[in-house]
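Remarks on the structure that follows.
Residue numbers begin at 1 in each chain, while the letters A, B, ... track the order of the sequences.
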Protein chains: 2
Amino acid sequence: MVGRSSRVTIHDVAKAAGVSVSTVSKALNDTGRMTAETRDKIKSIATGVGFRPNALARSLLFNRSFTVGLLTNDTYGRFTLPLMSGISEALVDQGVSVFLCAIEDDPKLAKIHVDAMLDKQVDGIIATGKRIDRSLPVDLAGLPVPVVYAYSQGTEGSVILTADDAQGAQLAISRLRSTGRRRLVHITGPESFASALERANAFQRTVGPDAKVLFGEWTEAWGHQSIAALFDAEGERPDGIFCGNDQIARGVVDALRERGLRVPEDVAVVGFDNWEIVAAQTRPALTTIDMNLKELGRIAGLTILDLAEGRPVAPGLRKLPCSLVVRQSCGSSDQGN
Amino acid sequence: MVGRSSRVTIHDVAKAAGVSVSTVSKALNDTGRMTAETRDKIKSIATGVGFRPNALARSLLFNRSFTVGLLTNDTYGRFTLPLMSGISEALVDQGVSVFLCAIEDDPKLAKIHVDAMLDKQVDGIIATGKRIDRSLPVDLAGLPVPVVYAYSQGTEGSVILTADDAQGAQLAISRLRSTGRRRLVHITGPESFASALERANAFQRTVGPDAKVLFGEWTEAWGHQSIAALFDAEGERPDGIFCGNDQIARGVVDALRERGLRVPEDVAVVGFDNWEIVAAQTRPALTTIDMNLKELGRIAGLTILDLAEGRPVAPGLRKLPCSLVVRQSCGSSDQGN
DNA sequence: TTGAAAGCGATACCAA
DNA sequence: TTGGTATCGCTTTCAA
């Protein structure tokens, strides 16, 4: 039997308990004063009839909707999903729900979604994208609600959360070195990506100013091409490769294997992103850098809540640490040369 | 300058226009009667002061929140994201927003999310998962709002939307045959998955009762293993392989190439899922079956809206057609034998 | 200790 | 043509 049982209001509880609505409200919210007996009786009746307060009514009263919006243009969800998961996790105990709006780089659509969220009185908006040096196609400055940018470019004076690319790169390099690798190369995406540049700079700062960096595409194919270039050429060959993302790393690992080189024995490889579906299916599975996007999401959620509740938050760019995920492509750190 | 400009209410508009709130309401909603002049004046003043009606207040009045919930336990978002995108697309013009709740197979978490959504008076809930023969860890029957199951098991008498696995399999087989393949094999996931079984049954119904089906895992590794088994054995070798998902297909394609077999010239391969990240990066790129999850989401959105607005919807399982996405792994259909 | 009434922001009926 | 008032479900002040 499908049927929408209609909702029970505080009025119904009052009638059932033989008291007034105000008494019920006070009883359930543990406010006002009354005999413990009355309070308990009302509480048990309320649960008995299955009363749940209408959040809309409370929102109207408190001017707080216990709702935040997540705006994204990342269609693959590679960044959005872990972020979303972290946000949700941080906010669910506070009774806050998340509106997800996928706007696909369409300014008009973005505006429609933002307006809809504002109309619904969201307590704040978290903006996220697929790269940290591009902003969403909509201006979020001057909105009547707080905004937090997570893995996206933000406006002057706003709160921006991102992963610490340089630190992530260090992590990868340390790992390669601790397994005894000395001839390191960095294969990464286009130079036009701030995160590619950031990692590459960290790489050269750490390994040396003329450490080799190959900029290209974020694809497996680029991984293959790079290996061809590196190993067909004369001269010194790398024994450790730090890749700008897991797809490149996969291409690199496959290309090395096809050349009869063993990973990690002959060449160790570290990826970036910890994109499960790529990293875990690569043979050998990729040791890689995780940007901890879920944690980033958690912090974004808590931050937007702070802002919404009027607590002070320092504006500016905040970089959160990456961590190393050890699988097989980089050997074990106690392994000599 | 960051600052939350406080919201303007209908009252402010009324004051600015020198009329009553009821007149403003009527003017803006094109109801009631008044001089076109008054109406226009009020409208322009409203836009002038940046008035946007508080959706919460309207919801309270209309008992409609213009909000739906999407409940999912699919962490990768492989099914959820396209679905979400379709739902959102179908509902955004109606001013409906979507709460996304990721519940990760945790019954308690699921209940918390469902309760939060109900408290916020969602107009309906769409439940989705990562396989069609499992239900979410929460009972959605008897809720005071309509529920639609999309790519998830549903309850007796509910509305369930899913992809037509059998038809998808037919599509793959037709494609293989139209490129002249005659010795077809199906490599797929565990027999315990309804969708694997459904596709396998369709395969045997079409190709013949003793057409070979290999059940295994949904992984690249299984693709490799199957190829080893098939090509190391004595006897007839397949010239066309239909894979249960794109990951298996990728393993198959890689394994074939490693054996010196050309894809698609020697063996044609068709995948399933059209998971861009896998299908497009495979060399050659995978011809595969797309479950049209976005369209499925669109229909789920429209259906939940129908239900929410009291329009009749036939209960039961509704299978939506898959489509073929042609890339390179299956050659072109005008190619002879 | 309990309850009546005002009000959150909007809409709609019914008078004027 | 316009405006006062009740209402949606809830919380909170203030009076009883």
So for the helix from C:dT1-D:dA16 to C:dA16-D:dT1, with five pairs setting each end axis, what is the inter-axis angle to 10°?
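If I round to tens, the end axes sit 60° apart.
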Phosphate OP1/OP2 of D:dG4 contacted by B:Ser20 side-chain N/O (<4.0 Å)
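For D:dG4, neither OP1 nor OP2 has a side-chain N or O of B:Ser20 closer than 4.0 Å.
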[X] vs [Y] side-chain heavy atoms within contact, under 4.5 Å:
| X | Y | answer |
| --- | --- | --- |
| A:Leu71 | A:Met117 | yes |
| A:Phe99 | A:His113 | no |
| B:Thr155 | B:Leu140 | no |
| B:Val148 | B:Val313 | no |
| A:Asp290 | A:Glu295 | no |

When you list every nucleotide of DNA chain C with an atom under 4.0 Å from a heavy atom of chain B, which one comes first 5' to 3', and which comes last?
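Nucleotide range with atoms under 4.0 Å of chain B: C:dG9 to C:dC13.
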When all nucleic acid strands are considered with a 4.0 Å heavy-atom cut-off, which category describes A:Ser22: base, sugar-phosphate, or nothing?
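If one applies the 4.0 Å heavy-atom cut-off, A:Ser22 turns out to touch a base.
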B:Ser59 near the nucleic acid: base, sugar-phosphate alone, or nothing, with a heavy-atom cut-off under 4.0 Å?
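No contact.
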Of B:Asp106, B:Asp105, B:Thr128, the residue whose pairing with B:Asn73 passes side-chain hydrogen bond (donor to acceptor under 3.5 Å, both in side chains):
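One option only clears the test, and that one is B:Asp105.
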What does the list of N/O pairs under 3.5 Å between the protein and nucleotides 7-10 of chain D look like, with a distance for each?
residue : atom : partner : partner atom : Å
D:dG9   : N2   : A:Ala57 : O            : 3.4
D:dC10  : OP1  : A:Asn54 : N            : 2.9
D:dC10  : OP2  : A:Ile10 : N            : 2.5

Enumerate the side-chain hydrogen bond (donor to acceptor under 3.5 Å, both in side chains) contacts for residues 15-25 of chain B, please, sequence neighbours excluded, ordered by first and then second residue.
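Non-adjacent pairs meeting side-chain hydrogen bond (donor to acceptor under 3.5 Å, both in side chains): B:Ser20-B:Ser22, B:Ser20-B:Thr23, B:Ser25-B:Asn29.
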List in chain and number order the residues that pass salt bridge (charged side-chain N to carboxylate O under 4.0 Å, His left out) with A:Arg311, two or more places apart in sequence or in another chain; answer none if no residue qualifies.
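By the salt bridge (charged side-chain N to carboxylate O under 4.0 Å, His left out) rule, A:Arg311 matches A:Asp306, A:Glu309.
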With salt bridge (charged side-chain N to carboxylate O under 4.0 Å, His left out) as the rule and sequence neighbours excluded, what pairs involving residues 31-40 of chain B come up?
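Output for this query lists B:Asp30-B:Arg39.
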Heavy atoms only: give me the nearest B:Pro321-B:Asn292 pair and the separation to one decimal.
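Looking at all heavy atoms of both residues, the shortest contact is O-ND2, 3.1 Å.
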Nearest-Å distance for atom pair NZ/P, residues A:Lys26 and D:dA15
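For the pair A:Lys26 NZ and D:dA15 P, the rounded distance is 14 Å.
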